[in-house]
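First listed ligand is number 1; within each ligand, the first listed atom is number 1. Side chains included, hydrogens not; waters and symmetry mates left out as well; all remaining heavy atoms used.
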Amino acid sequence: MTKVFRKELESLKPYVPGRPIEDVKREYGLKDVIKLASNENPLGYSKKVREKLMNSLDNLALYPDGNATELKEALSKKLDIAVDNILPSSGADEMIDLIAKTLISPGDEVITADITFPRYISTTKMMGGTPIIVPLKDYTYDLEGILNHISNKTKLIWICNPNNPTGTMVTEEELMDFFAKVPENVIIAYDEAYREYVTRNDYPKNSIKFVKKYPNIIILRTFSKAYGLAGLRVAYAVGDKEVIKNINKVRGPFNVNSLGQTAAITALEDDEFIEEVYNLNLEGKNYLYEEFRNMGLHFPPSETNHIYVNVEKDAQEVFVELQKRGVIIRPMSGNWIRVSIGTMEENRIFIEKLKEVLGK
Ligand SMILES: *Cc1c(COP(=O)(O)O)cnc(C)c1O
C-alpha cells in the first residue's frame, strides 16, 4: 500500500491544532476550561456581523458566488487597489496552499525562518520543493540572512510580519531595503495575519503600496484573528494581476463559503470593533509583560495577540500541568510556550495557574 502515496508525503505530518476546550473538559473532568492556544479573538466578532449573518441564513441551499464579487469590490474600495489584484480564500491556510501549488515544482527552493508559521514548510515539501531555513536573529526574521541564501533555484520567500509565534516584527525601512534586493523572478509572500495588533510606528501600516511597486510581492491577510471570524474561514491575497490570475487557476470553484463572504464584507465596515480588539489586546499584553517580569521569565516583546515566553521548564510538561488546571496554551520547542492574550479575566487565571505550575 505505501507505494501508492506520493513520496513527497513521507516526511509530512498532519498539522496539530490547539486542543479544543471540550476535549480537555472530558479528559480531566473539568467544568471550566479556557483556551489561549490558537490566537483566537477573546471578544468574539462584531455584533454588526452577527446581525447580518442572522439575516443571511435563507440562501444556504445555493452555491456561494464563486467569484466573491461583492467581497472583492468591498476590499478594492477599502484598500484602494483594483479588483484584479485581489483573491479571497478559505482562510490564509488555503492561500498558503494555493501559492505553493501555483509556484513550486520539484527541486525549487523556498526560503523561510526556523521558528515561524509551519505551513510555509509543509506546503513546500508537499509540492516537492526544498525548504531553506534561515534561523531567526534575536527572535526576528533575518532579512540579511535570507538574501544571502537566494540561489538560482529560489522560487519563493515566506515572511511572516509580525511573526507567529515569536510576535516580533521587521520595520518598513528594513523591508523596503530587502524588497529592492530580491530578484524580480523570486516571489515574496508576505503574511500579515496579525497586522491589526501592531503598536509600533515603524511597522508598514499600508503594505498595499509594496504590491504597486513590486509585482513579485503577494500580501496575505485574514479575517480569523482581529476580526474574530476563524470559524468561517475567510482571508485574501493582494498581488500583481498576473500572479493573482495564476493563483486563481488552482483554487476550487467555490472556495469561500457564502456566510464567510457576507461576514467579511460587513466586518470591513466595523472599524470600531477592531479598535476595541486592539485596546483589549494592549491592556492584556501589558498585564502579562508585568507578570512575566515579576516571575523573571524571558520573552521577546510582541506586536501580536500572543506572547512567546520561556518558562524555564519543559514546555510539554507545563502544557500538561496547565491543562489539568483548565488552561490550554501552546507548547513550543524546549522551554518555550506561546500564550494567546485573552480577556483580562482569562489572563489572570492563566497567570495564577502558571505560578502554581512553576512554583513561583
Ligand atoms: C492564523 C494564521 C494563519 C491562518 O489563518 P486562517 O486565515 O485562519 O487560515 C496564517 N498565517 C499566520 C501567520 C497565522 O498565524
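In this model, no donor atom of one side chain and acceptor atom of the other lie less than 3.5 Å apart for N305 and Y194. A donor-acceptor contact under 3.5 angstrom links the side chains of H306 and N39, judged on distance only. Side chain to side chain, S207 and R221 meet the donor-acceptor criterion of an N or O pair below 3.5 Å. If you check the side chains of Y289 and S302, you find no donor sitting under 3.5 Å from an acceptor. Counting only N and O atoms by type, the side chains of N164 and R338 include a donor and acceptor under 3.5 Å apart.
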Give one line per pair: atom of ligand 1, protein atom, distance. Only N/O to N/O under 3.5 Å.
{"from": "ligand 1", "atom 1": "7 (O)", "to": "A92", "atom 2": "N", "distance (Å)": "2.6"}
{"from": "ligand 1", "atom 1": "7 (O)", "to": "T222", "atom 2": "OG1", "distance (Å)": "2.6"}
{"from": "ligand 1", "atom 1": "7 (O)", "to": "S224", "atom 2": "OG", "distance (Å)": "3.2"}
{"from": "ligand 1", "atom 1": "8 (O)", "to": "S224", "atom 2": "OG", "distance (Å)": "2.6"}
{"from": "ligand 1", "atom 1": "8 (O)", "to": "R233", "atom 2": "NH1", "distance (Å)": "2.8"}
{"from": "ligand 1", "atom 1": "8 (O)", "to": "R233", "atom 2": "NH2", "distance (Å)": "3.4"}
{"from": "ligand 1", "atom 1": "9 (O)", "to": "A92", "atom 2": "N", "distance (Å)": "3.0"}
{"from": "ligand 1", "atom 1": "9 (O)", "to": "D93", "atom 2": "N", "distance (Å)": "2.9"}
{"from": "ligand 1", "atom 1": "9 (O)", "to": "D93", "atom 2": "OD2", "distance (Å)": "3.3"}
{"from": "ligand 1", "atom 1": "9 (O)", "to": "R233", "atom 2": "NH2", "distance (Å)": "2.7"}
{"from": "ligand 1", "atom 1": "11 (N)", "to": "D191", "atom 2": "OD2", "distance (Å)": "2.7"}
{"from": "ligand 1", "atom 1": "15 (O)", "to": "N164", "atom 2": "ND2", "distance (Å)": "2.8"}
{"from": "ligand 1", "atom 1": "15 (O)", "to": "Y194", "atom 2": "OH", "distance (Å)": "2.6"}
{"from": "ligand 1", "atom 1": "15 (O)", "to": "K225", "atom 2": "NZ", "distance (Å)": "3.0"}

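The heavy-atom pair separating D240 from V211 by the smallest distance is N-CG1, 3.9 Å.
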